[in-house]
Amino acid sequence: MGQLIKVSKALTIAGSDSGGGAGIQADLKTFQELGVYGMSVLTAVTAQNTTGVQGVFPVSIEGLEAQLASIASDLTPDAIKTGMLFSGEYIERTAYMIRKFAWENVVVDPVMVAKGGATLLGEEALHAMKTCMLQLAKIVTPNIPEAEALTGIEINSPEAREEAARVLFDAGADHVVVKGGHFGNGDFVTDLVFNGIEMFELIEKRIQTKNTHGTGCTFSAALAAELAYGRKPESAIVNAKKYIQTAIEHGIDVGSGHGPVNHFAYRRIAHEQY
Ligand SMILES: Nc1ncnc2c1ncn2[C@@H]1O[C@H](COP(=O)(O)OP(=O)(O)OP(=O)(O)O)[C@@H](O)[C@H]1O
Ligand SMILES: Cc1ncc(COP(=O)(O)O)c(N)n1
C-alpha cells in the first residue's frame with residue numbers, strides 16, 4: 001500500500017473567473033504551486049476574460065451553505081481566504097459559518113471591483129464586510145479603493161494610508177495590508193503592513209505591465225497557503241509578496257486585455273527553469 005503524506009489544506013471562498021486569471025482559478029493555482037491542498041467554495045460564477053466581466057451569476061445561498069457544510073463535515077481547512085463574496089447576505093452567511101465551524105487563519109481580501117471597473121460586490125455589502133468579516137480576519141488585504149470604501153478615508157498621502165490601516169485594525173482585523181498597486185505610479189510599489197504594534201512597508205520594483213489581472217487574488221491566496229503551513233502572519237506576508245512579485249515579473253502572453261500573472265514562475269525559478 002502506498003504511504004499517505006500529510007498535507008496542509010487551504011480553502012478559498014470566492015467567485016469563479018472563466019478566464020482563469022483571478023478568483024477561484026487564481027487561488028487554486030496558487031495553492032497548488034505552493035504545495036498546499038486546495039479546496040473551493042463558489043459564491044458566484046462570472047463570465048469573464050482578460051478584456052472584462054461579461055456576466056455575474058450567483059450560486060444560491062443554499063448552494064453556498066451546502067458547500068461550506070460539506071467541507072466542514074470532512075476536511076477542516078488549515079487556512080481560508082475569502083474573495084468575491086457577491087452581496088451582504090452572502091458575507092453574513094459566510095461569516096456565520098466560519099464562526100460556527102471555528103475555522104481559523106482567515107485571510108479576507110475585500111474584493112469589490114474588478115480591474116476593468118465591473119462591480120463584484122454591491123454597495124449594501126460594505127456594512128456586512130465591516131461588521132461581520134473584518135473581525136474574523138487574521139489578515140485583511142484591501143487595495144487603496146477598497147481601504148477608502150471600508151474606512152471612509154480618502155487616501156491621498158502616506159499618512160492617510162496609515163490612518164486607514166489603523167481604522168481597519170481597530171475594526172477587528174489582526175493584521176492589515178493596504179496594497180500599493182493603485183498607489184502612485186513611481187518606480188516602486190509599496191504595501192503597508194500594520195499589526196497593531198508596528199507599521200512597516202514592503203517595497204518592491206514596480207513592473208511596467210498591463211498584465212495584472214488577478215494580482216490581489218493571487219497575493220491573498222499565497223497568504224492563505226503560508227498560514228496553512230503554520231507560518232506567522234509577518235513571514236506569510238513577506239513570502240506571499242515574493243510569490244506575487246515573481247508572478248508579475250515573469251508575465252505570460254494570454255488574452256488581448258489585462259492578462260493574468262504567471263502562477264508557475266515562482267516554482268520554475270526555484271528549479272532554475274527561467
Ligand atoms: N505593477 C506592479 N508591479 C509590482 N507589484 C505590483 C504591481 N501591481 C500590483 N502589485 C502588487 O500586487 C499585489 C496586489 O496589489 P493590487 O493593489 O494590484 O491589488 P488588487 O487591486 O486587489 O488586485 P486585483 O486587481 O487583483 O483586485 C500587491 O502586493 C501589490 O504591491
Ligand atoms: C471572480 C473574480 N474575483 C476577483 C476578481 C478581482 O480581480 P481583478 O481586479 O484582477 O480583476 C475578479 N476579476 N473576478
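Each residue takes its place number in the sequence, starting with 1. Start at 1 and go down the list; that is how both ligands and their atoms are numbered. Since the structure is predicted, the reported quantities are computational estimates derived from the model, not experimental observations.
- For Phe101, the CZ atom sits in a packed shell: over 12 heavy atoms of surrounding residues, nucleotides or ligands are nearer than 6.0 Å.
- Nearest to atom 5 (C) of ligand 2 among the protein's heavy atoms is Leu120 CD1, 3.5 Å.
- For ligand 1, the polar-atom distance check against Asn143 finds a nitrogen or oxygen pair separated by under 3.5 Å.
- The protein atom (non-hydrogen) at minimum distance from atom 7 (O) of ligand 2 is Ala22 CB, 3.7 Å.
- The shortest separation from a heavy atom of Ser16 to ligand 2 is under 4.0 Å, placing the residue in contact.
- For ligand 2, the polar-atom distance check finds an N/O of His213 within less than 3.5 Å of one of the ligand's N/O atoms.
- Residue-to-ligand polar distances place Thr215 within reach of ligand 1: an N/O pair is separated by less than 3.5 Å.
- Nearest protein heavy-atom contact of atom 4 (C) of ligand 2 is Cys217 SG, 3.5 Å.
- Taking only nitrogen or oxygen atoms, main chain and side chain alike, Asp109 does not reach within less than 3.5 Å of ligand 1.
- For Lys205, every heavy-atom contact with ligand 1 shorter than 4.0 Å involves the backbone, none the side chain.
- Residue Ile207 has at least one N or O atom closer than 3.5 Å to an N or O atom of ligand 1.
- In terms of protein heavy-atom proximity, atom 13 (N) of ligand 2 is nearest to Gln48 OE1, 2.7 Å.
- With a 4.5 Å cut-off between side-chain heavy atoms of Ile, Leu, Val, Met, Phe, Trp and Tyr, the cluster of Val193 takes in Val107, Ile139, Val177, Phe200, Leu202, Ile207, Phe219, Leu223, Leu227, Ile237, Val238, Ile244, Ile248, Val261.
- Nearest non-hydrogen protein atom to atom 10 (O) of ligand 2 is Gly214 N, 2.6 Å.
- Considering backbone and side-chain N/O atoms, Lys179 comes within less than 3.5 Å of an N/O atom of ligand 1.
- Scanning His213, Glu204, Lys241 for the heavy atom closest to atom 11 (C) of ligand 1 points to Lys241.
- In terms of polar-atom proximity, defined here as any N/O pair under 3.5 Å, Gly181 does make such a contact with ligand 1.
- Considering CD1 of Ile13 and CD1 of Ile24, their distance stands at 9.0 Å, rounded to 0.5 Å.
- By the 3.5 Å distance cut-off applied to N or O atoms, Val189 is not counted among the residues near ligand 1.
- Neither the backbone nor the side chain of His258 comes within contact range of ligand 2; no heavy atom lies under 4.0 Å.
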